4 protein chains.
Amino acid sequence: MIKVAILGGSGYTAVELMKVLLRHPQAEIVAVTSRQDEAVADLHPSLFRRLDMRCEPFDVDRLLKLGVQCVFGCLPHGASREVVGPLLNRGMRVIDLSADYRLRDPNVYAQWYGESHNDLAYLAQAVYGLPELYGSEIANAQLVANPGCYPQTAILGLAPLVAGHHIELKSIIVDSKSGVSGGGRTPKLSFHFPECNENFSAYNVGKHRHTPEIEQALSDVAGEPVEVIFTPHLVPMDRGIFSTIYAVPRRQFTESQLLELYRHYFEHAPFVRIRESLPATKDTTGTNFLDIAIRMVRSRIVVLACEDNLVRGASGVAVQNFNRMYGFDEKTALL
Amino acid sequence: MIKVAILGGSGYTAVELMKVLLRHPQAEIVAVTSRQDEAVADLHPSLFRRLDMRCEPFDVDRLLKLGVQCVFGCLPHGASREVVGPLLNRGMRVIDLSADYRLRDPNVYAQWYGESHNDLAYLAQAVYGLPELYGSEIANAQLVANPGCYPQTAILGLAPLVAGHHIELKSIIVDSKSGVSGGGRTPKLSFHFPECNENFSAYNVGKHRHTPEIEQALSDVAGEPVEVIFTPHLVPMDRGIFSTIYAVPRRQFTESQLLELYRHYFEHAPFVRIRESLPATKDTTGTNFLDIAIRMVRSRIVVLACEDNLVRGASGVAVQNFNRMYGFDEKTALL
Amino acid sequence: MIKVAILGGSGYTAVELMKVLLRHPQAEIVAVTSRQDEAVADLHPSLFRRLDMRCEPFDVDRLLKLGVQCVFGCLPHGASREVVGPLLNRGMRVIDLSADYRLRDPNVYAQWYGESHNDLAYLAQAVYGLPELYGSEIANAQLVANPGCYPQTAILGLAPLVAGHHIELKSIIVDSKSGVSGGGRTPKLSFHFPECNENFSAYNVGKHRHTPEIEQALSDVAGEPVEVIFTPHLVPMDRGIFSTIYAVPRRQFTESQLLELYRHYFEHAPFVRIRESLPATKDTTGTNFLDIAIRMVRSRIVVLACEDNLVRGASGVAVQNFNRMYGFDEKTALL
Amino acid sequence: MIKVAILGGSGYTAVELMKVLLRHPQAEIVAVTSRQDEAVADLHPSLFRRLDMRCEPFDVDRLLKLGVQCVFGCLPHGASREVVGPLLNRGMRVIDLSADYRLRDPNVYAQWYGESHNDLAYLAQAVYGLPELYGSEIANAQLVANPGCYPQTAILGLAPLVAGHHIELKSIIVDSKSGVSGGGRTPKLSFHFPECNENFSAYNVGKHRHTPEIEQALSDVAGEPVEVIFTPHLVPMDRGIFSTIYAVPRRQFTESQLLELYRHYFEHAPFVRIRESLPATKDTTGTNFLDIAIRMVRSRIVVLACEDNLVRGASGVAVQNFNRMYGFDEKTALL
C-alpha cells in the first residue's frame with residue numbers, strides 16, 4: 001500500500017484523482033492540501049461519505065510524518081515549481097499535473113509562460129509522463145511531469161506517422177475542441193454557464209501553451225524538429241477533447257495501411273484504441289482510453305483522436321504513471 | 001419617438017432590453033450607463049454593428065441633456081434605489097427592473113433583503129409592473145417596479161383561482177425551475193459551467209426573495225392574505241422558467257371548467273396563452289408569452305406556467321409596460 | 001464467480017449494467033441477448049476493447065448451457081413477463097429491471113399498463129427490489145423486481161416520515177425532474193436533441209405509471225394506504241433524478257429533529273446519504289448514492305431527494321440486489 | 001404585400017422562416033403545406049396564437065388561387081425537384097432551401113446525391129442564393145437555390161482570399177462544427193439527446209455533400225478550380241456553425257492587411273461582420289449575421305467564421321434573397 005498525498009485539492013483534476021485513487025487497491029490517500037480550510041466533502045459534495053478528510057495547509061514535514069511516499073501535484077503552474085523541489089529533496093516521488101516540468105528547455109518555458117523557471121535542477125530530471133512513449137523512464141522517475149490534456153491527443157494521434165517520417169513535419173494542423181472543465185474550476189466570465197452554453201468558439205488561436213509541449217514530444221519521436229499549428233476551441237459540454245489533425249503524407253497510403261500502422265504501433269498500449277468507425281468523446285467519458293481513427297481525404301491524412309480530458313487527459317494518466325512507477329499493473333484502478 | 005436610457009448595461013436583462021428596443025419603432029436608445037468604460041458591443045459582441053455606442057457613467061444631468069424621457073433600470077437591488085429618486089425628481093419616468101420598488105411594505109423589504117429601504121416616498125408611489133393585473137395604473141405611473149421573473153408565472157398562474165376564491169389561500173405550493181441566466185452575469189461557482197451543466201438542484205428553499213412579491217400580488221387579487229411555499233430550482237439551460245403549482249380547490253372543478261375560467265380571465269391579455277397541451281419553456285423562448293395549462297390530479301389543481309425569464313420575465317414585460325406608459329400598442333416590438 | 005446474462009442489451013440500463021458488472025470481482029458476463037445481431041461494442045462503442053462479445057438471440061437452453069445462474073432483464077415491460085417465467089422454471093434467478101413484476105396487484109398493473117398480466121404465479125412471488133426496505137426478502141428471492149427510478153427517490157425520501165405516521169398520508173406531493181436518459185434509447189421526437197435541449201417541461205401529469213409503485217411501497221411502510229400526487233418533468237441533461245416532496249406534518253418538527261429521524265432510519269444503508277446542505281443530482285452522477293435533505297417551510301415538510309437514474313435508479317441498485325442475493329458485500333462494484 | 005407559401009412546414013427551417021416572415025411588413029403567409037394534416041401551431045407550439053393556420057397538402061392550383069407569388073421550399077432534397085418545376089411553370093417564383101438546385105453540374109449532383117437530377121431545364125436557370133456574391137442575379141431570378149449552412153461560412157470566409165488569388169487554391173482545409181438542429185427534425189439515434197448531449201464527434205469525414213457546393217462557389221470567385229478538405233463535426237448545442245479554415249498564403253500578409261482586405265471586400269454587405277476579436281456562435285444566435293475573424297499562425301492564414309445555421313444558414317438568408325427579389329431593403333425583417 002502506497003501512501004499518497006494530493007496537493008491543491010479544490011479543483012477538477014484533484015477530485016477526479018481522488019475518485020480514481022479510492023478504487024486503487026494499492027494506494028491510500030493520507031492527505032489533501034488546500035488553502036481552503038474545509039472538509040474535502042464540502043469542497044466536493046460528490047465525495048460525501050466516500051472520503052472523510054479535511055484539507056490541510058501544505059507542509060512537507062507533516063507529509064513525511066504521515067508516511068507519504070508519492071505526491072500528486074494538482075496546483076496551477078507557477079505554484080507547482082515552488083513545492084516540488086522540497087518534496088523531492090525529502091525523498092518523496094512526485095507526479096506533477098501542472099505544466100511546470102513538461103518543457104525541457106527553460107527558455108521555451110519562459111517564452112510561453114511569461115516567467116523564468118526557478119527550479120532548473122529538477123526540471124532537467126523530470127520525465128514527461130506520457131506512458132505510451134516514455135514508459136520505461138517513467139518507471140524509474142522521481143519526478144513525472146504529467147502531460148497536458150490537448151497534447152496527448154495530438155502526440156499519440158501523430159506518433160505513428162511522425163515516427164516513420166511518413167508525413168511532412170512542418171505542415172501539421174491540430175484543430176482541437178475541449179469541454180469546459182479543461183478551463184479549471186475558478187469562476188470566469190468565459191466559463192459562466194450562460195456565456196459558454198449553447199456556444200462554440202475558438203480561443204488562444206496560435207498562442208496556446210500546449211503548442212510547445214506537442215512539438216517537444218513529437219520532435220522526440222521524429223528525431224528532428226516538428227511544428228504544428230494548434231487551434232483550441234471550447235465546446236459546451238463538461239468533458240472531452242477531440243482533435244482533428246491534418247497531415248501531408250510523404251508517400252501514398254491507403255486507409256487500411258494506416259490502420260495497420262497504428263495498430264502495430266500501439267500494440268502494447270492498453271489504453272489506446274484504434275478504431276475503424278469515427279470516434280466520439282462520449283465513448284471515452286469517464287475512462288482512461290484515447291480513441292483514434294484515421295481517414296484519407298484528397299490525399300491528405302486526417303487523424304481523429306479523442307479522450308476524457310479529466311481522466312485520460314489528467315488524473316487517469318497520472319494513476320497510469322503511478323502504476324508504472326510502483327510496478328503495479330498499468331491498468332489498476334483504471335478499468 | 002421616445003428617447004430612453006438603460007442603466008447598468010453590462011448584464012443579461014440590459015442586453016435583452018437593447019435587442020427588444022432596437023426593434024421598437026417609437027423608442028430610441030440614447031444612453032447606456034455602466035461602471036465599465038467600454039463600447040456596448042465589447043460588453044455584448046452580439047450587438048456589434050447593431051448598437052454603436054459607448055457605455056458612460058451614470059449622470060442625471062447628462063441624461064436630461066440627451067433628452068431622455070424614460071429610463072430602464074437594470075441595476076442590482078440596493079443600487080437601484082440610490083438613483084431612481086434623482087431621475088424622478090428631474091421628471092423622467094422610470095421602469096426599474098430591480099427588486100427595489102416591488103414590495104410595498106418597507107418592513108417586508110427589510111426582512112427579505114436585509115437592509116432598510118431609504119426611498120420610502122417613491123416606494124409608496126411605485127406601481128407593480130405586471131400589465132395583466134395593474135395595467136391601468138401602469139399607464140399613468142411615473143415609476144414602474146418591473147416584476148420578478150418567477151413571480152409572474154406564479155401570480156398569473158394563480159390569479160384566476162385566487163380572484164374567485166376558488167382555492168385554499170394558505171396551502172399553495174409553487175415549485176419553480178429556472179434557467180441559469182436568471183442568476184445574472186457575474187461569475188460565481190454555482191453558475192460555473194462544469195458545476196451547473198448536467199446538474200439539477202434546488203436553492204434558497206423557503207427563503208427566496210420572490211416569495212413576498214408573489215404573496216403581495218396574490219393578496220391584492222384575493223383581497224385577503226395569501227401564502228405560498230415557494231421552491232426555486234436551477235435547470236441546466238440558458239433561459240426559461242417553469243412553475244408547477246399545486247392548489248387545493250374549495251369546490252369541485254373539471255379541467256374544462258378551469259380552462260374556461262382561465263380563458264375568460266385572460267381574454268384581453270395578448271401575451272398569456274392558455275393551452276390545452278402541456279407547456280414547455282422552449283415554446284416561449286425569445287418571446288413575451290407566458291403559457292399556462294391546468295390539470296386536475298386527485299382533486300388537487302395543478303397549474304403549469306412557463307415563460308422566457310429574460311424576455312417575459314424581465315425585459316420584454318418592461319417594454320410591454322413602456323408601451324402602456326406611452327400609449328403604444330401593448331405588443332409593439334414584442335411579436 | 002457467478003455467471004450472469006443480460007437480456008435486452010441495446011439500451012441504456014444494459015450498458016450501464018455491463019460497466020458496473022465489469023468491475024465486479026464475483027460476476028462474469030457470459031451472454032448478452034438482443035434482437036440486434038451485432039457486437040456489443042458496436043451497439044455501445046464505449047465498451048470497445050472492454051467487452052468483446054456478440055449479442056445473441058434469447059434462448060433459455062443456451063443460457064443454461066453457458067452456466068448462467070443469474071439473469072438481468074433489461075427488456076421493456078410486456079416483453080419481460082414473456083421470458084421471466086421460463087428462466088425461473090429452469091432454476092435461474094432473475095433481477096428484472098422492467099416494470100412487469102413491481103406491482104403486486106394485477107388489477108393495478110392492468111389499470112396503469114393497459115394490458116392484463118399473464119404471469120400471475122411468478123408475480124405473486126416477486127420481491128420488490130428496494131434493498132433499504134426489502135433487504136431480507138431480496139436475499140432469498142428467486143425473482144427480484146428492480147425498482148423504478150423515480151419511485152426510489154419518492155419512497156426513500158418519504159419512508160422515515162411515513163413509517164412513523166408523522167405526516168398526512170393522503171396529501172403528499174412528489175414533484176420530480178429527470179434527465180433524458182430516463183426515457184430510453186429509442187429515438188422519439190420528444191427526446192430529439194433540438195426538442196428537449198434548452199427546454200424544461202412536464203409530462204404525463206397525474207398519469208405516470210410510477211405513481212402506483214410509489215404508493216404500493218409507501219403503503220407497505222405505513223401499513224395503510226398512502227396516496228401521492230406525482231408530477232414528472234424532463235430536464236435537459238443526460239442523467240439524474242431530483243424529487244421535491246411536500247408533506248403536511250401531523251405534529252411540529254424542527255429541521256434538526258427531522259435530520260435525526262432520517263439519520264437513524266438509514267443508519268445501516270450505505271448508499272443513502274442524509275445531507276445538511278441541499279443536494280444536487282451531479283453529486284450522485286455515476287454513483288449508487290441517493291442523497292436526501294429535509295427542510296421545514298411554513299410548517300410544511302419539504303424533502304429533497306436525488307440520484308443517478310441509470311445507476312442508483314436502475315443498474316446500480318440491480319447489482320446491489322445481486323450482491324444481497326449472493327451474499328456479497330452490498331457495496332461490491334458500487335464504490 | 002407579397003403573398004407567400006411555405007412547402008414542408010414541419011421542420012426547423014420552416015418554423016424559423018415563419019417566425020422571420022411574421023415580422024416582415026411586406027410578406028403575408030397564406031399557405032403552409034405538409035403531409036401532416038395538423039394545425040401549424042400543433043406542429044410548432046411556439047407559434048400558438050401567432051400563426052393560426054392549418055397545414056394543407058401541396059396543390060399548385062390551390063396556391064395559385066390563394067394568390068401566392070413566392071414559394072419557399074423547405075422540403076428535403078429529392079422531394080424539392082419534383083415540385084419546383086410545376087410552380088415555376090405557373091409563374092410563381094421559388095426560393096428553394098433544399099440542395100436540389102445548388103449544384104450547376106448534374107453530374108456532380110448525381111455523384112454526391114446518388115441519384116440523377118430530373119429537372120435539368122430549371123437547374124440551368126437556378127441562381128445560387130448567396131446574396132453577397134450573386135446579389136444582382138438573385139434580384140431577377142425566378143428560382144433561387146438557397147445556399148447550404150456550412151457552405152456560407154466557408155465561401156464567405158474564403159472569398160476575399162480566393163478572389164485575389166492570395167492563397168493556394170488546392171490546399172484549403174475547412175474544419176466545421178455545427179449545432180444539432182442542422183441535422184433536421186426527424187428523430188434518429190445520432191440526434192437522440194442522450195447520444196449527442198455531452199458529446200463531440202466528427203461525421204461524414206471527406207464525404208459531406210456540402211463539399212462540392214463550397215468548391216463550386218469558390219471556383220466561381222477564383223475563376224479556376226478550387227479544392228477543399230471539409231470535415232464536419234457535431235456540437236452539443238441547438239444552433240450555430242463555426243468554421244476554422246486553414247489556407248496557405250501565396251505571399252506574406254500581416255493580420256491588419258488581411259483585416260483591411262476583408263473589410264473592403266464586404267464593405268456593402270450588411271450581414272457580414274469582420275471582427276478583430278475572436279467570434280463565437282452565440283454572438284450570432286437568432287440573427288442573420290455571419291461573423292469573420294482572421295489570424296496569421298506560423299505563416300498560415302486561419303479564418304474563423306460563424307453564423308446561426310437556421311437563420312443565416314437557411315431561413316434568414318432566404319428572406320434576404322426574398323428582399324432582393326422584390327426590391328425591399330435587404331435587411332427587412334432581419335434586424
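Quantities reported herein were computed from a predicted structural model and do not represent experimental measurements. Proteins get letters first, then strands, A, B, ... in listed order; numbering begins at 1 in each.
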Checklist entry - Which atom pair, heavy atoms only, marks the closest approach of B:Leu17 to B:Ala318? => result CD1-CB, 4.4 Å
Checklist entry - Do A:Tyr128 and A:Tyr101 have ring centroids that are under 6.0 Å from one another? => result no
Checklist entry - At their closest point, which heavy atom of B:Gln36 faces which heavy atom of B:Ser10, and how far apart are they? => result OE1-CB, 3.3 Å
Next on the checklist: At a 4.5 Å cut-off on heavy atoms, which part of A:Thr186 comes close to chain B: side chain, backbone, both, or neither?
Outcome noted: backbone
Checklist entry - Do A:Thr281 and A:Lys177 meet the criterion of a side-chain donor-acceptor pair at a distance under 3.5 Å? => result no
Checklist entry - Under 6.0 Å between the ring centres of B:Tyr113 and B:His77? => result yes
Next on the checklist: Side chains of B:Asp308 and B:Thr287: any donor to acceptor distance under 3.5 Å?
Outcome noted: no
Item to check | Pairing of A:Arg275 and A:Asp283 as salt bridge, 4.0 angstrom limit | outcome: yes
Checklist entry - Can A:Arg102 and A:Asp96 be counted as an ion pair, charged N to O under 4.0 angstrom? => result no
Checklist entry - Does the pair B:Cys306 and B:Thr153 meet the rule for a side chain to side chain contact (heavy atoms under 4.5 Å, CB included), with working shown? => result CA-CA 6 Å; B:Cys306 66; B:Thr153 59; 5.7 Å; no
Next on the checklist: Using a 4.5 Å heavy-atom cutoff, which residues in residues 230-241 of chain A come close to chain B?
Outcome noted: A:Pro236, A:Met237, A:Asp238
Checklist outcome for this item: Looking only at heavy atoms, the pair that brings B:Phe242 and B:Pro279 closest together is CE1-O, 3.5 Å
Item to check | Residue-level interface, residues 144-152 of chain A with chain B, non-hydrogen cut-off under 4.5 Å | outcome: none
